[in-house]
Amino acid sequence: MKITENVQNNVSRIFLDGRFDANTCGEVEQFIRKRIDDGMHYFVLDMENVSFIASAGLRVVLVIAKELRNTSRGDLCIASPQPNVRKVFEISGIDNVLQIHEDVERAAKGFLQ
Amino acid sequence: MSLRAKLLFLFTILSIIPLGIAGRNMTQITRDELKSAANDHLMSVAGQVTQVVEDFYRYSWMNPLLFIQKAVENESLAVNEKLSLLTEGMKNAPDLVAIQISVEGVDSPLLVIQDEFSALLKQSSLNAEHVLRLDPHEIAGHRNQQEAFVGGLTYLEQVDRWLLTIVIPLAETTFGRTATLAARVNLERLAARIKEHSFNKTGFITLIDAEGHKIFDSNRTDLSQCSLVKTIKELLSSDTRTIGVVPYVSPSGERMLGAYALPTNLDVGIIVEKSEAFAYMAVTQMVKNLILWVTVGFIVAIVGAIVVSVSLTRPLRKLTQAARIISEGDLSINIETPKSKDEIGELSLAFEMMLEDLRSYIARLTETTKAKERAESELKLAHDIQQSFLPRNFPDWEQIDIWGKCDPAREVGGDYFDLFQIDDDHYGMVIGDVSGKGVPAALFMAVSRTLFRILSSRELSPDLVLTEFNNKLVELDQGSNMFITLFYAVFNDKTHRLIYSSAGHNMPYVKGSRLSEGTFLMLPGMKTMVAGIMDGITMPVAETFLRRSGDTIVLYTDGMIEADNEEGEIFGEERLETLLNHYTDLPAKELCEMLIKEVKEFQAGRPQFDDMTVLTLKVK
């Protein structure tokens, strides 16, 4: 999993590249937790290059989002997922809990409002 | 070549070169010195012997003879007086054994013979007069007007005496005619004198006559073929008187060193000779000594070299040995560090430190490996326990053919399925997938299974079971943030109605009368949510019918459709759908096995990331 970040207006845009499964979800979780410790509250996970998301990946996304909402009034949303990834969010119903946007900019704007 | 051998070789070369050079030079110098000393000695002995001969000639022989000559020639003396003087003179010259005065024309010469010698001859029954008298012709032949003749060396074999003849011409006035004074000289004393010379202890003094025959040798050995004697013969005949040294080989083959001298007045050659080996004995001795000491020095050097090289290489050898033992995996050895502060000492120290590091590293590794092994065996146990939660025996129900199969990934996964008869008509089938893997997932699944079994036994409608299940799960969960997706269907074999609900799970495929004509289609999606995250959610419900024989519902987990191959392609729902239609007539068990087999073939050796589970219900 390749993870890159771009911070604008206190919103961290995290670009994920690869499979987001049980083997890689730890990296993503660690990365975001470190950024939270650094003081970030808002995260957009760009999943344009995520070929596949497993239940373990879903869990990481859910856990982080829940923590951000409960402890620091921050939030996390998903941007530009591939159709199969979007489908997983939809099947599992997590799209009810997390915002899923077409692209990163729109997602970031959503936070600013 | 080992280091030790190299050092030994070096030391040997270092010790041999100077010793060899010094030894060789010393031998050479000494040999030269001794050679010249030996030559000097020989020359001096030759000179001494010559002096002896000349002294004899002058004082013992010629002086008495000249005195007698004077007496005989003295005109004022009467014959009697002359005779008595002659007799007196002979008494004073023990070497003169006979004096003969010959006058030309007188047949019988005057012959006076020494009494002792006469007696000696008589003992051997010899006539002294006959032996000692000189023939007048002989005398005439030797007579020389000016000088005395010395020669005519004779050997009297019977008495073993050497005689020399001296002929001196007398003045004509004495007898009015030509007259000569002749004397026979006994060389016994001379021989004895020469024999006394100390040189005889180490060498030989030989006298030869003009023909090259040995004097004072009863055999009169002919030495004329000897190179030295040839030289002397030449010198004797040329009247040159000289002294010199010549090396030569004796008839017996021995290398000799000889000096020769030729006394004046006497036609004899004096040879003083020594064997070269004897002359150079000191050199030989010295060379022997030198070889001995060189050998001793060499041995000392070798021993020293061995000691040094051993002391240098022993620690290295030990280290090499230790390294070999270590490479074989034995770290328990002890390296005795030499106390030296040189490079070898440092090396040993570094080596010891390395060994220490290795030991602690291995110890850590062993510990980690043990821990890992323990964890793995625990994981294996967890895996087995988890698998034991899944049904293995499938009931043989009257109208339903039902079969499920879970193919677990290597690690403990979170797939779950179950089937049970709820009451006379109702059969429940559930499939689920816990988020994540490992022991937490297994534990969460165990909790979920228990909870689900309890709830499903109390309530018939799947949506209510799932709603309650979700609420209870959220309530139970203490912050693990784990969740489970579930698909739960209840089939009534009387009405053939299948009521189902989903908590965020993949929608199953159904081949049923209501949807299509004999092909598998995915059930339409539902508005739903995984269980365990948020409480208060009302789970959806829907229904379909499996009326005819062969109508089927296939439940699966995402491990089936998300398996990927080498090219990174995902197996996907389309492939699953195609396969389902392809194997549509297979019984439930074979269908499950075939599907898993196909997915595995698609993966073609790639590690399986997730559990794969299929649960099939088929109307008989």
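Chain identifiers are assigned alphabetically (A, B, ...) following the order of the sequence lines, protein sequences preceding nucleic acid strands; residue numbering begins at 1 within each chain. A quick note: this is a predicted structure, and the numbers were derived from the prediction, not measured.
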- When A/Asn96, A/Val60, A/Asn84 are compared by non-hydrogen pairs under 4.5 Å with chain B, the top option: A/Asn96
- Task: Please flag which part of B/Met482 lies under 4.5 Å from any non-hydrogen atom of chain A: side chain, backbone, both or neither.
- Result: both
- Task: Supply the atom-to-atom distance B/Met507 CE to A/Lys87 NZ, rounded to the nearest 0.5 angstrom.
- Result: 11.0 Å
- Query: If you measure from OG on A/Ser55 to CD on B/Glu562, what distance do you get to the nearest 0.5 Å?
  - Reply: 8.5 Å
- Where on A/Val88 is there a heavy atom nearer than 4.5 Å to chain B: the side chain, the backbone, both, or neither? side chain
- Note on the structure: All heavy atoms of B/Asp564 vs all of A/Arg19, minimum pair found to be OD2-NH1, 2.9 Å
- Message: Among A/Cys25, A/Ser92, A/Ala56, which residue has the highest count of heavy-atom pairs closer than 4.5 Å to chain B?
- Response: A/Ser92
- Does any heavy atom of chain B fall under 4.5 Å from the side chain of A/Ile64, the backbone, both, or neither of them? neither
- Query: How about A/Arg69: does its CZ atom have over 12 heavy atoms from other parts shown lying under 6.0 Å from it?
  - Reply: yes
- Message: Less than 4.5 Å to any heavy atom of chain B: does that hold for the side chain of A/Leu62, its backbone, both, or neither?
- Response: side chain
- Shortest non-hydrogen pair, B/Met529 vs A/Gly93, comes out as SD-O, 3.0 Å
- Task: Inspect the surroundings of CD in B/Glu574 and state if more than 12 heavy atoms from other residues, nucleotides or ligands are less than 6.0 Å away.
- Result: no
- Starting at CG of A/Asp21, measure out to CG of B/Asp558 and round the result to the nearest 0.5 Å. 10.5 Å
- Message: Distance check, rounded to the nearest 0.5 Å: B/Phe487 atom CZ versus A/Ile91 atom CD1?
- Response: 12.0 Å
- Message: If I compare all heavy atoms of B/Ile533 with all of A/Lys66, which pair ends up nearest, and what's the gap?
- Response: O-NZ, 3.6 Å
- Spatial distance of atom CD1 (B/Ile561) from atom CZ (A/Phe52) [nearest 0.5 Å]: 8.5 Å
- Message: With a 6.0 Å cut-off (strictly less than), is the heavy-atom count around CG of B/Asn581, excluding the residue itself, greater than 12?
- Response: yes
- Query: Does atom CD of B/Glu468 have more than 12 heavy-atom neighbours, drawn from other residues, nucleotides or ligands, at distances under 6.0 Å?
  - Reply: yes
